[in-house]
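Scroll down for the structure; my scribbles are underneath it.
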Amino acid sequence: MLDKNRDRRQNQFWDGADLVVEVVSDDDPNRDLVTKPDECARSEIGEYWIVDPRDRTIRELSLTPGAVEYRDAGCFAAGQIAHSVLLGEFNVSVDEVFEQS
């Protein structure tokens, strides 16, 4: 959560998010690749990451303020680091994400 949105942080739950990370499930990939990103964009969640075990990638979608759909901000594979557009210093090694799978 960005500091500017700290008022959304509460004891039991946070009211909204700035970044959502979704792992694609085998039972309904379309839900994680299409339905959930659409819902998150409508909820104005700034960034949506798709962790896809099928091809071992992390796809980053970013929402421009005022937009209603995400734009593709990058797709990261083995040997790469996924960097958040929104949360500047947040980054993740693709290799580490899939290390145990």
Is [X] linked to [Y] within one hydrophobic cluster, defined over Ile, Leu, Val, Met, Phe, Trp and Tyr using a side-chain heavy-atom separation of less than 4.5 Å?
| X | Y | result |
| --- | --- | --- |
| Leu33 | Tyr70 | yes |
| Val85 | Ile81 | no |
| Ile58 | Leu86 | yes |

Where is the tightest heavy-atom contact between [X] and [Y], given as atom of each residue plus distance?
| X | Y | result |
| --- | --- | --- |
| His83 | Glu60 | O-OE1, 2.6 Å |
| Glu69 | Leu63 | O-CD1, 3.4 Å |
| Pro37 | Tyr48 | CG-CE2, 3.3 Å |

Just by distance, no angles: are the side chains of Asp27 and Ser25 close enough, under 3.5 Å, to form a donor-acceptor pair? yes

Measure the shortest side-chain to side-chain distance between Val24 and Ile50 over non-hydrogen atoms and say whether it is less than 4.5 angstrom.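 Answer yes - side chains close enough.
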
I want to check something: taking the side chain as every heavy atom from C-beta on, are Asp52 and Arg59 in contact at a cut-off of under 4.5 Å?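 Asp52 does not reach Arg59 side chain to side chain.
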
Any chance you could measure [X], atom [atom1], to [Y], atom [atom2], to the nearest 0.5 Å?
| X | Y | atom1 | atom2 | value |
| --- | --- | --- | --- | --- |
| Glu47 | Cys40 | CD | SG | 12.0 Å |
| Asp55 | Cys75 | CG | SG | 6.5 Å |
| Ile45 | Ser62 | CD1 | OG | 13.0 Å |

Applying the side chain to side chain contact (heavy atoms under 4.5 Å, CB included) test to Trp49, which of Leu61, Val23, Leu19, Val20 qualifies? Leu19

Short question: side chain of [X], backbone of [Y] - any donor-acceptor pair under 3.5 Å?
| X | Y | answer |
| --- | --- | --- |
| Thr64 | Ala67 | no |
| Glu22 | Lys36 | no |
| Asp95 | Ala78 | no |

